Asker: 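Okay, handing you the structure first.
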Amino acid sequence: MPTLKLSLEEGFDDDHVIVTANGKTLADESGVTTRYQISLARLLDLALAGDEGELVVSLPERGLEARLPLGAGPPSHLRVSVTRDGRGLDLSTEDPIGFA
Amino acid sequence: MTSPTETTTTGGATTTTGRGPSGGSIDTSDRVEATLEMRPRRQDQQPEQAFEDAIDIALPLIPLPFFTTSGLYTYARKIDLPITPIPIPRPIPFPIPERIPTPIGGLMPTDEIYDEDVSAISFYQREEVMFDVDGRYPQMTISGTRANLFTTVGHWIAKVKKTPAGRYEGVIFYKNGTPGAIPHTFVSAKVVGGPFPATRKLEVIFSGGGAAAFTRTYGFSSAYRRKVEFEYDRVSDAVAVTTINTHAHPNRPASLANEALSIETVFRRSGFDATVSAGNGVVPIATAGGDALWTDQEMHDGMQVHWSRFANKPQWAMWVLFARLHVSGTSLGGIMFDDIGPNHRQGTAIFSHAFISTPPAGDPNPAAWVARMRFWTAVHEMGHAFNLAHSWQKSLGVPWIPLANEPEARSFMNYPYFVAGGQSAFFGNFHYRFSDSELLFMRHAPERFVQMGNEAWFSNHGFREAAQHSNPDYELRLTTSQAGDRFPYLMPPVVEIALVNRSGRIRTVSSARISEREDFTLILNGERQEARLWMPYMRHCGEGDDKVLKPEEALYDSVIAGAGKNGWDMAEPGRYCVQAVLEVDGQAVYSNQLMVTVEAPRTREEEMLASDLFTPEVGQVLTTNGTRALSGVSDVLARTAELTDNPVSKLAAVALATPLAYTYKLLETDAKAAAGEAPQQRVEVYPADPQAARKLIDGAIEDDADALVNAVGHTRFLRDAPLLAALEREEVPNSPEAFLSFTADAEKADAATAVPLSDKLRALLDTKAAGLSQ
């Protein structure tokens with residue numbers, strides 16, 4: 001069963017974050033807030049079934065949602081940040097390497 | 001492969017980290033005992049070393065041609081005891097000469113220079129000047145504080161240039177503290193008394209700002225801004241790296257000096273006399289929660305118990321803990337964990353076995369790579385304790401002045417693996433230093449912003465010199481339409497904005513209204529008040545369509561900078577430095593620094609009107625498009641519109657006329673409601689009164705139509721022009737929606753012809769209509 005390392009990074013401020021795939025909730029986190037000295041709000045390991053067609057990350061209280069198609073299989077990392085203007089989400093599957 | 005790297009570590013023992021398997025942790029220690037091993041202290045450090053590392057290479061015995069003069073200079077007013085209860089009157093020369101500040105400050109040939117600050121609001125007891133013009137990483141900056149017996153009253157910063165006469169001169173671009181404490185706007189400094197520290201002095205002439213010029217002489221005090229003390233403690237299962245050999249790893253700048261570089265030396269080169277604490281203590285295993293993983297709270301508790309200098313107060317000292325791993329796991333290389341409680345930024349931690357112990361596969365010297373990453377992490381976390389943000393976060397949070405992100409900076413505050421080309425590219429050009437903007441902050445920002453335990457983490461972090469890393473493809477130009485950029489009292493200054501394509505090729509930019517974008521920042525720095533961030537009454541929603549700009553074409557906007565959600569930020573007479581920053585293509589574009597003068601009241605009517613005009617409600621109505629809801633505001637605007645020889649009268653006339661031009665709907669709520677029932681709400685409809693609107697506008701343009709356009713701002717006039725033109729033609733529709741179809745830029749320009757403008761202004765408006773931001 002593949003594992004997805006989810007890092008909720010910049011722009012979060014006491015947010016409610018939900019990650020779903022195939023209608024199943026993989027993460028439901030409240031009070032997500034970025035700590036700017038490490039550019040990170042929360043790190044999570046998500047267990048995937050491996051057949052997910054799409055990941056959906058949403059901040060329902062802000063009305064924000066972003067989708068990541070998984071055509072080539074699930075990535076090992078998913079990095080999520082709220083955009084500078086607060087009106088969208090940036091998703092990246094690059095390895096964040098680390099925080100400091 | 002080079003030989004294994006030896007790193008100076010803690011506990012009086014030297015830990016040698018050997019080569020490990022590529023891609024794996026380089027340290028072979030698997031010890032998990034967690035007693036804390038205290039560091040040998042380095043207070044016995046030789047003073048010669050400190051001198052070499054200082055931003056001033058002081059030469060106490062023999063002056064050489066290369067001596068430097070940077071450092072801290074101080075002045076203390078001599079007080080003869082016993083202190084006389086009633087201050088002895090000092091002879092103040094009258095009349096105090098008045099002067100009109102030149103655009104960049106500086107002395108007029110006819111200025112008199114006094115030997116005392118006769119304009120001071122009190123006679124300050126202590127003053128300091130940080131002189132930063134030579135030595136290591138000079139910032140060509142002079143800053144200073146003025147203080148009474150107990151507290152700092154004001155702080156100022158000036159960027160300077162060296163004149164042929166050997167003086168360092170420049171405009172004071174930053175002030176903080178009690179309004180009026182630093183009325184001057186220009187400094188001119190010269191070192192006197194020879195090269196020896198004991199006799200060296202700094203003579204500074206303060207001038208400008210309408211205050212009497214005076215000279216102050218400061219004695220040399222130190223090559224550093226402040227003494228700072230670090231206490232390094234290490235958990236025994238961790239590896240501490242506090243000194244490295246800069247040539248140990250082959251990937252380095254060719255020009256990098258070969259030396260054993262300590263953390264203290266890095267901070268001495270940044271302007272602080274760094275020493276290592278002689279404190280002592282032991283952290284029991286229970287503090288780590290019984291395992292090798294540390295939580296922030298555990299580290300905070302450990303800091304309170306085991307840091308010999310811990311106190312709930314600001315102090316120039318910090319605790320640095322080298323531990324094995326954070327409870328978050330290997331992804332966290334270090335953290336400035338102390339954002340807990342009232343005194344932030346006193347404690348940092350480095351996790352030696354996190355990802356920073358995993359060299360890239362095939363690295364030519366993995367041991368040196370790991371040592372360097374551990375050293376980088378330690379200084380990086382300690383930089384956070386100085387309130388430095390990450391290089392790509394400079395514009396976030398609560399920065400003080402427009403900040404540019406520095407995503408490619410070769411600074412301790414950047415992530416090596418974030419830059420283009422990754423960590424290899426970073427270290428190939430890394431000189432073990434902080435960026436210039438970070439050094440400017442550490443050496444010259446108000447002390448409370450920097451000192452550990454003082455300003456909250458990320459508040460007032462870092463500031464930067466404008467335009468230092470501005471996006472070169474664009475110019476952000478601020479101007480005004482007033483002669484000499486001078487505005488009469490009561491008139492909120494209007495700033496004209498132009499984003500000009502200077503790239504030499506066609507560029508596409510968002511056409512969204514510049515002043516209402518989230519990434520537009522406008523700073524108002526008054527000479528008698530703290531700098532303020534201008535806050536618009538509304539923000540633009542949506543990105544706007546893209547607009548193609550040919551070379552030298554521009555996108556335009558106007559902003560009434562004198563009023564915003566913060567209030568009337570430019571109400572007081574005096575000089576203001578206005579500067580903006582706009583992010584374009586992910587890179588900040590910095591504007592020029594526009595010096596604006598607000599004149600003193602000229603009539604008693606202006607003085608009497610001020611308290612009624614300078615309210616949030618009037619400010620909002622003036623800067624938007626009027627109201628029919630607030631009768632009190634309309635009364636003030638009516639009185640304002642009757643002023644003569646002041647453009648604010650025209651601004652008031654437009655604000656009064658606009659809501660009269662069409663049928664105005666107002667949602668009203670009944671004041672009284674039956675018991676248990678919600679108050680009734682209803683929509684009141686006020687019919688248009690185009691005749692009254694036209695009378696107001698005609699009155700405003702009667703003597704000088706150009707003045708009306710300049711008062712409301714060029715682009716706002718263009719947006720309102722269809723309405724004004726319709727009024728002139730007596731074709732006013734009965735709803736504002738009717739104007740929505742009348743939006744083409746050309747139509748707006750055509751509509752502007754309904755107002756009798758000068759040919760020069762009309763030509764300018766034609767240009768701006770073509771590049772109007774939406």
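These numbers come from a predicted model, not from an experiment. Each chain gets a letter, A, B and so on, in the order its sequence line appears, and its residues count up from 1.
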Asker: Drop me the distance from Ile356(B)'s CD1 to Ile97(A)'s CD1, to the nearest 0.5 angstrom.
Answerer: 13.5 Å
Asker: Tell me, side chain or backbone of Phe418(B) under 4.5 Å from chain A's heavy atoms, or both, or neither?
Answerer: side chain
Asker: Considering only heavy atoms from C-beta outward, does the side chain of Trp392(B) approach that of Ser39(A) to under 4.5 Å?
Answerer: yes
Asker: When you compare the side chain of Pro96(A) with that of Tyr417(B), does any pair of heavy atoms fall below 4.5 Å?
Answerer: no
Asker: Which heavy atom of Thr377(B) sits nearest to which heavy atom of Ala100(A), and what is that distance?
Answerer: CG2-CB, 4.4 Å
Asker: Sub-4.5 Å heavy-atom contacts with chain A: which residues of residues 329-339 of chain B show up?
Answerer: Ser331(B), Leu332(B), Gly333(B), Gly334(B), Ile335(B), Met336(B), Phe337(B), Asp339(B)
Asker: Check whether Ile38(A) gets within reach of chain B through its side chain, its backbone, both or neither, counting any heavy atom under 4.5 Å.
Answerer: both
Asker: How about His390(B) and Tyr36(A): do any of their side-chain heavy atoms sit closer than 4.5 Å?
Answerer: no
Asker: May I ask you to test the Phe355(B)-Phe99(A) pair for a side-chain heavy-atom distance under 4.5 Å?
Answerer: no
